[in-house]
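As structure tokens, the structure follows; a few thoughts come after it.
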2 protein chains.
Amino acid sequence: MSRVKLSDIARICRVDISTASRAIRGDVRVKVQTRDKIKKVANRMGYRPNQLARNLVGGATRTIWLVLPSLDASVDHRLVRSASHQANECDYTLFVALHDSDSFGSLATNTSNHYKLILDRAMQGTTDGVIVIPRRGLNDKKILDPIARIKLPLVFLDNYLADFSCPIVTSENEQGAAELAQRAVASGANGVVILFDNLNPVDEARRIGAQKALVKAGIPFCYQQDVHRELQSFGPMVAVLGSSQSSTILPFLSKHFTELLQHRLIFGVFDDWIGDPSPAEKVLVAVQDCDRMARQAVSRLIALIERKKQQPPRLLRVPIKELREQVPLLGLRRPDCRD
Amino acid sequence: MSRVKLSDIARICRVDISTASRAIRGDVRVKVQTRDKIKKVANRMGYRPNQLARNLVGGATRTIWLVLPSLDASVDHRLVRSASHQANECDYTLFVALHDSDSFGSLATNTSNHYKLILDRAMQGTTDGVIVIPRRGLNDKKILDPIARIKLPLVFLDNYLADFSCPIVTSENEQGAAELAQRAVASGANGVVILFDNLNPVDEARRIGAQKALVKAGIPFCYQQDVHRELQSFGPMVAVLGSSQSSTILPFLSKHFTELLQHRLIFGVFDDWIGDPSPAEKVLVAVQDCDRMARQAVSRLIALIERKKQQPPRLLRVPIKELREQVPLLGLRRPDCRD
DNA sequence: TTGTACGCGTTATCAA
DNA sequence: TTGATAACGCGTACAA
């Protein structure tokens with residue numbers, strides 16, 4: 001288990017530790033002969049410099065972390081994959097850490113402890129910078145503040161906290177939601193239920209986008225809390241817009257099942273819809289450009305680390321990649337749909 | 001700016017660093033008054049012990065890595081999620097590293113460089129142990145050998161290399177494939193195409209399992225290379241068994257499209273099938289118990305790290321979780337496909 | 001109960 | 001071109 005260390009190869013080569021250190025890092029100030037010999041010996045003995053010690057004296061690790069609550073949503077997979085790719089291409093190694101906490105389940109105490117733990121480690125020189133995807137419903141300010149204080153390079157991805165001065169990469173959420181609303185209207189919706197909350201900037205932007213579009217189109221809409229009152233006043237076809245199938249639409253659906261089934265339904269969500277449109281006769285999906293988002297986040301973080309000039313917009317909004325429509329697989333459900 | 005360290009709070013409390021060190025770790029040999037005071041000050045100043053330094057003096061990092069080629073398959077998501085969970089519960093932090101290389105795409109050179117890089121880092125004291133999911137088609141022996149030499153705790157998950165003496169957690173692959181075959185036969189298959197290759201232990205086990213089951217059932221079968229010759233001799237209904245939809249069944253399907261469409265089809269795969277059974281009238285899915293596999297892998301790795309007694313079977317085969325059937329959503333297909 | 005002094009493996013700053 | 005020495009932040013025998 002004991003690994004070969006610098007002093008070992010120094011002793012064997014009959015040079016000082018410092019010489020060995022320099023030789024191994026390819027310092028030109030060491031004579032070529034000596035350098036080659038030392039390198040050879042080091043290689044032969046399978047020497048691996050101890051990163052812990054290196055970091056302790058304060059070097060770069062060429063390592064970045066992607067810290068996120070969980071891998072539950074498909075967006076997360078995509079972001080992780082692309083970020084990892086991009087990091088590799090830039091000769092960095094990206095490590096992914098999940099802290100298992102989101103707005104819903106899990107005890108806030110325990111999980112936010114893991115969150116803190118991870119960020120704590122990040123501040124101890126183990127990584128050159130951090131990409132954070134904050135939790136949707138909880139406020140991460142207190143947890144992230146120390147990072148800002150230390151001035152450890154930080155970039156927000158997807159979601160973000162407004163009161164940090166670091167780069168942010170997110171989607172054109174306002175526009176995406178607006179398009180969802182427009183398409184719902186174009187598909188015949190007589191009224192719209194907006195489920196975007198305002199617990200975080202992303203949902204807020206989406207709420208605003210949907211709202212603006214509907215005002216402009218002159219279509220009535222309401223928010224979750226007013227469904228009881230408003231739903232009847234809507235026409236026969238109702239659209240329900242929310243951020244995700246599993247955490248927004250489905251809970252809402254099961255809560256207001258009987259009322260909703262009195263209408264023809266259209267769902268509008270971000271990212272993806274798994275399976276059949278179900279009680280709805282159509283699902284609209286605004287697909288985020290995860291690949292581009294992740295790549296941008298990594299690039300910006302690395303620029304920050306290497307102190308290069310930043311690209312202008314601190315808050316970068318990546319356009320929605322695609323607006324997809326899904327209908328039941330084998331044609332009709334309900335009276336009839338489409339064309 | 002720079003973080004508060006032990007010497008800071010020692011100076012403020014007018015005690016020696018060592019006393020502060022003891023107090024903070026709750027050593028009983030320090031007077032209760034002093035201890036409480038020091039703890040209070042440390043808390044107030046937001047002191048966080050530097051793990052790097054702690055580790056350097058010879059502790060553990062309470063950190064483990066999960067190294068895998070990519071996050072392409074849904075199995076991977078599940079494994080990552082559960083492993084992360086389990087690690088957190090054991091008060092370890094799990095970091096996920098992807099090296100972007102699998103049997104298919106990507107230049108072997110560049111990607112296996114990242115692979116090496118990651119494992120190199122692993123051997124530099126930054127982690128207490130590593131869980132590896134090897135690549136399916138390529139041999140990782142050379143890359144993993146150094147890890148074994150160093151005796152860094154290592155556990156294989158899902159797939160594995162036979163010639164390492166570390167714990168292995170995988171599925172009951174042989175039995176799973178056998179069940180797939182049996183179910184295919186029970187569903188009326190008159191002949192079976194086995195696409196499990198023998199490039200790795202997992203596929204090998206599956207191939208053997210399917211083969212044994214079919215011999216026992218007296219149903220004719222063939223491997224990929226003999227399809228041309230054998231397919232006609234099969235009856236009207238043919239089953240195709242492979243490890244995954246995207247990397248096995250679909251490529252095979254498109255390669256032998258016209259021949260296959262002369263038969264009624266059943267597909268059998270592991271883990272999941274996304275979307276409609278397509279030209280097949282039924283899909284059989286052997287779902288691996290990723291949660292249990294990941295948890296076992298983490299537990300075993302931690303046991304190894306903490307030098308606890310190992311559970312007997314070095315090669316643990318977790319039973320298949322479920323054998324699912326998927327048929328086209330709205331009843332039968334056949335005469336007319338797709339619109 | 002507390003302080004002294006050394007070690008952990010490297011890098012960096014001086015001298016030589 | 002090389003060597004001695006001081007950091008880096010912390011743990012811990014050993015001494016007081």
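Note that these values count all heavy atoms, side chains included, but never hydrogens, waters or copies made by symmetry. Letters A, B, ... are given to chains in the order of the sequence lines, protein chains preceding strands, and every chain is numbered from 1.
Salt bridge absent: B/D36 and B/K31 never bring a charged side-chain N and a carboxylate O closer than 4.0 Å. Contact check on B/R11 versus B/D16 returns no salt bridge, with no Lys/Arg side-chain nitrogen under 4.0 Å from an Asp/Glu carboxylate oxygen. Of the charged side-chain nitrogens involved, none lies within less than 4.0 Å of a carboxylate oxygen, so that B/D27 and B/R25 do not count as a salt-bridged pair.
Remark on DNA chain C: of its neighbouring residues B/L56 and B/V32, the 5'-side contact belongs to B/V32, judged by nearest-heavy-atom nucleotide.
With rounding to whole Å, A/L52 atom CG is found 15 Å from C/dG7 atom C1'.
With contacts defined as side-chain heavy-atom distances shorter than 4.5 Å, the pair A/R3/B/M123 does not qualify.
Considering A/R78, A/R81, A/R295 in turn, A/R78 is the only one that fulfils the side-chain contact (heavy atoms from CB on, under 4.5 Å) rule with A/C290. For the pairing with B/V132, the side-chain contact (heavy atoms from CB on, under 4.5 Å) check across B/Y160, B/F164, B/Y115 returns one residue only, B/Y115.
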TODO: Quick one, give me the B/S/- string for nucleotides 10-16 of chain C, reading 5' to 3', where B means a protein heavy atom under 4.0 Å from the base and S means that only happens at the primed atoms, P, OP1 or OP2.
DONE: BSBB---
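One N or O on the side chain of A/T63 and one on the backbone of A/T61 form a donor-acceptor pair closer than 3.5 Å.
To the nearest 0.5 angstrom, A/Y92 atom OH is 9.5 Å from A/T127 atom OG1.
Mapping heavy-atom proximity under 4.0 Å, the span of DNA chain D touched by chain B runs 5' to 3' from D/dG9 to D/dA13.
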